[in-house]
> 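Supplied in structure tokens, the structure appears directly below.
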Amino acid sequence: MTEVHYSQCKSYDAAELDAALEKILAPVAAQAGGIAGKKVMIKPNLLEYRKENDPASVHPQLLLALCRYIHKENAAAIAVIENPAVRTADAVVKSMDIMPELEKMGVTVKNCTNYTKCKMPEACRYRTLEAAAEFQEYDIIVDFAKAKTHAMMILTCGVKNLFGLVRGSERLAWHLAVGRNFDDFADMLLDLYLLVRPQITLLDAVTGMEGNGPGSGDAVELGFLAASNDALALDRSVAEKLGVADTPILKQAAKRGLMPEYVECQEIPDIRAIRLPEPPEKKLEWGVYFPVRLRTFLRNKLLSRPVVNKPECIGCGLCAQKCPPQTLKMVENKPVFDYPGCIRCFCCQEFCPKGAITVEKSPWMKVLSALEKFIRKLNLRRSTGR
């Protein structure tokens, strides 16, 4: 039975944070095998920090408190690694005005850079995902999330926070790929959770976000912290308390038999349901409206797609059998792709016995990826003064 630990915390005062944090992290860290002598990677939600106490990101004082705790526990190394939507991780942290304190503890702050196609666990729906491989270099991954509403997933906590390990341009591609089928997106997030399996998940819910989340909603005082060894168990427990127990992630987890049983420990909060965003059918997944024709145009131009080398194809039909949405059909013993219906899981490519199916990145996506790299390098130079 997975434990989800809670502690009451009404402010970001350092003394209150340290006490509340140690209360929940001590048992969770012990269950993870302890921190001493281990390399620890913190993956925080650093969406943006545009103003003091901006609820779009984890609070800077809580990030400091987390690093203090890990440093006190004699970790061999501490790294804060994230892939913010616009700026670099160190630029966001510098705007929080906590970089000097982190540097005194030897904490490094950097962007995800080592993106690779990862082999997925057996229970996953998608056979390959491109994600930042940095998490494989550390002994303990701390999934440090913020309690926020989300236009597509209704609520973002531990599982959704792992989406930051996906390259920015690929995140756009995923949004385009799933269309309005939010269950496909939830399945991808669950697969990412199964791949990474963070040993510690910490939720900043002292102040959360409600309404038009995850970036432009309203701050809401929730007054608690939560931690667990299982991000999905934490999400399930917290979602029920916030009045959103039927999120796409939790519904898909139940369908796939992934839902963990849990027990709540320590100072269990009694909190009200939060105000949710408007129903996602009225908007696109990331909360921005695009006309259908423009969306279709972007989808067709940007998404990578599976392609077949017909001379190498033996016509076995295994690709069609393994296609989850069953949009791939065999015509004259060769696969024919229905790209509008393709969910880009690339199971066809994964299971092809002859390697006749490959993944082809669109020229537009290559340009977009190069532009993203250029902008991030430019932002890094500006933030470091180089």
Side-chain angles (χ1 to χ4, degrees), residues 25 28-46 58 63-64 66-85 87-94 98-99 102-124 126-145 158-171 188-202 227-232 369 372-373 376-377 379-380 383-384:
L25 282 187
V28 172
Q31 290 163 7
I35 290 174
K38 296 181 179 178
K39 295 170 61 181
V40 179
M41 169 182 161
I42 301 170
K43 194 282 164 196
N45 187 321
L46 296 179
V58 297
L63 178 56
L64 266 182
L66 174 60
C67 291
R68 280 197 300 268
Y69 177 83
I70 296 172
H71 183 261
K72 184 189 69 170
E73 293 297 307
N74 298 312
I78 309 171
V80 174
I81 303 179
E82 166 67 312
N83 179 27
R87 296 196 289 164
T88 58
D90 67 324
V92 175
V93 172
K94 283 181 179 178
I98 59 171
M99 190 67 85
L102 293 176
E103 290 175 344
K104 288 178 183 177
M105 292 183 280
V107 178
T108 59
V109 180
K110 55 186 178 180
N111 250 59
C112 302
T113 56
N114 184 22
Y115 293 98
T116 184
K117 287 186 177 179
C118 301
K119 180 73 173 179
M120 305 302 288
E122 188 64 31
C124 290
Y126 297 97
R127 302 314 306 159
T128 58
L129 281 178
E130 185 179 27
E134 279 87 351
F135 76 90
Q136 298 172 339
E137 303 169 8
Y138 291 83
D139 304 307
I140 292 181
I141 308 301
V142 180
D143 178 9
F144 183 19
V159 174
K160 175 63 176 63
N161 186 52
L162 296 173
F163 194 40
L165 295 176
V166 176
R167 190 196 304 269
S169 53
E170 291 296 325
R171 295 206 293 260
M188 181 274 297
L189 294 174
L190 287 168
D191 286 357
L192 193 57
Y193 149 80
L194 292 172
L195 172 68
V196 179
R197 283 288 190 183
Q199 292 81 4
I200 298 173
T201 297
L202 172 66
S228 178
N229 296 118
D230 191 312
L232 187 54
S369 296
E372 179 191 3
K373 290 180 182 178
R376 289 193 182 281
K377 286 182 180 179
N379 287 337
L380 180 61
S383 66
T384 58

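FYI, side chains are in, hydrogens and waters are out, and symmetry mates aren't considered; it's all heavy atoms of this structure. Along the sequence shown, residues carry numbers from 1.
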> Can you name the residues that form a salt bridge (Lys or Arg N to Asp or Glu O under 4.0 Å) with E130, not counting sequence neighbours?
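With sequence neighbours excluded, E130 shows a salt bridge (Lys or Arg N to Asp or Glu O under 4.0 Å) to R167, given in chain and number order.
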> Under 3.5 Å, side chain of Q199 to main-chain N/O of I141, donor-acceptor pair present?
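Side chain of Q199 to backbone of I141, a donor-acceptor pair under 3.5 Å: yes, one is there.
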> Would you name the heavy atoms of A231 and G158 that are closest together and state the gap between them?
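Scanning both residues completely, I find the closest heavy atoms to be CB-C, 4.2 Å.
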> Which heavy atom of A29 sits nearest to which heavy atom of Y69, and what is that distance?
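In terms of heavy atoms, the two residues are closest at CB-OH, 4.3 Å.
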> Please report the closest heavy-atom contact between A89 and L46, naming both atoms and the distance.
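Closest approach of A89 to L46, heavy atoms only: O-CD1, 4.3 Å.
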> Indicate the atoms forming the closest heavy-atom contact of M105 with H71, along with that distance.
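Scanning both residues, the minimum pair turns out to be O-CD2, 3.4 Å.
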> Less than 4.5 Å apart, side chain to side chain, heavy atoms only: is that true for E82 and N111?
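They are not in contact (no side-chain heavy atoms under 4.5 Å apart), so the answer is no.
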> Could you pull out the closest heavy-atom pair between P44 and V58, with the gap in Å?
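The pair with the smallest heavy-atom distance is CB-CG2, 4.0 Å.
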> Mind checking the CG-CD1 spacing from L25 to I200? Nearest 0.5 Å is all I need.
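Rounded to the nearest 0.5 Å, the CG-CD1 separation comes to 6.5 Å.
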> To the closest 0.5 Å, what do you measure between OG1 (T88) and CG (N83)?
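Between T88 OG1 and N83 CG, I get 10.0 Å after rounding to 0.5 Å.
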> Kindly indicate whether the side chain of C67, heavy atoms from C-beta on, has any atom under 4.5 Å from the side chain of I42.
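Yes. Closest side-chain heavy atoms under 4.5 Å.
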> Hey, could you give me the NZ/CZ distance between K94 and R87, rounded to the nearest 0.5 Å?
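Rounded to the nearest 0.5 Å, the NZ-CZ separation comes out at 11.0 Å.
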> Could you tell me whether a side-chain N or O of D139 sits under 3.5 Å from a main-chain N or O of V40, the two making a donor and an acceptor?
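Looks like no, no N/O pair under 3.5 Å.
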> Among D230, V159, D143, L162, which residue meets the side-chain contact (heavy atoms from CB on, under 4.5 Å) test with T201?
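Answer to the side-chain contact (heavy atoms from CB on, under 4.5 Å) test with T201 among D230, V159, D143, L162: D143.
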> Heavy-atom distance under 4.5 Å between the side chains of T116 and C118, does that happen here?
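Heavy-atom side-chain distance check passes, below 4.5 Å.
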> So, the side chain of K117 versus the backbone of A131: is there a donor-acceptor pair under 3.5 Å, distance only?
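Absent.
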> Suppose we screen for salt bridge (Lys or Arg N to Asp or Glu O under 4.0 Å). Which residues come up paired with K110, at least two apart in sequence or across chains?
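K110 satisfies salt bridge (Lys or Arg N to Asp or Glu O under 4.0 Å) with no residue once adjacent residues are dropped.
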> Is the closest side-chain heavy-atom distance between L102 and V109 below 4.5 Å?
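L102 reaches V109 side chain to side chain.
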> Checking side-chain hydrogen bond (donor to acceptor under 3.5 Å, both in side chains) for the pair T113/E134: CA distance, chi angles, key distance, verdict?
CA-CA 8 Å; T113 56; E134 279 87 351; 3.1 Å; yes
> Any side-chain heavy atom of M188 sitting closer than 4.5 Å to one from F163?
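Sidechains of F163 and M188: in contact.
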> Applying the side-chain contact (heavy atoms from CB on, under 4.5 Å) test to M41, which of I78, I140, I81 qualifies?
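Running side-chain contact (heavy atoms from CB on, under 4.5 Å) over I78, I140, I81 with M41 returns exactly one hit, I81.
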> Working to the nearest 0.5 angstrom, can you tell me the gap between N74 CG and I35 CD1?
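Answer rounded to 0.5 Å: 10.0 Å.
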> How many angstroms lie between atom CG of N161 and atom OH of Y193, to the nearest 0.5 angstrom?
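One gets 14.5 Å once the value is rounded to the nearest 0.5 Å.
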> Would you say the side chain of N45 lies within less than 4.5 Å of the side chain of F144, judging by non-hydrogen atoms?
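The answer is no, as the side chains (C-beta and beyond) never meet within the 4.5 Å cut-off.
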> Nearest 0.5 Å, please: how far is SG in C124 from CG in L129?
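Result: 7.0 Å between the selected atoms.
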> I'd like to know if the side chain of N229 reaches the main chain of V28, judged simply by a donor and an acceptor atom lying under 3.5 Å from each other, with no hydrogens or angles considered.
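Flag set: sc N229 to bb V28 pair under 3.5 Å.
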> Do you know the tightest heavy-atom contact between Y126 and D191?
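Reported closest heavy-atom pair: N-OD2, 2.7 Å.
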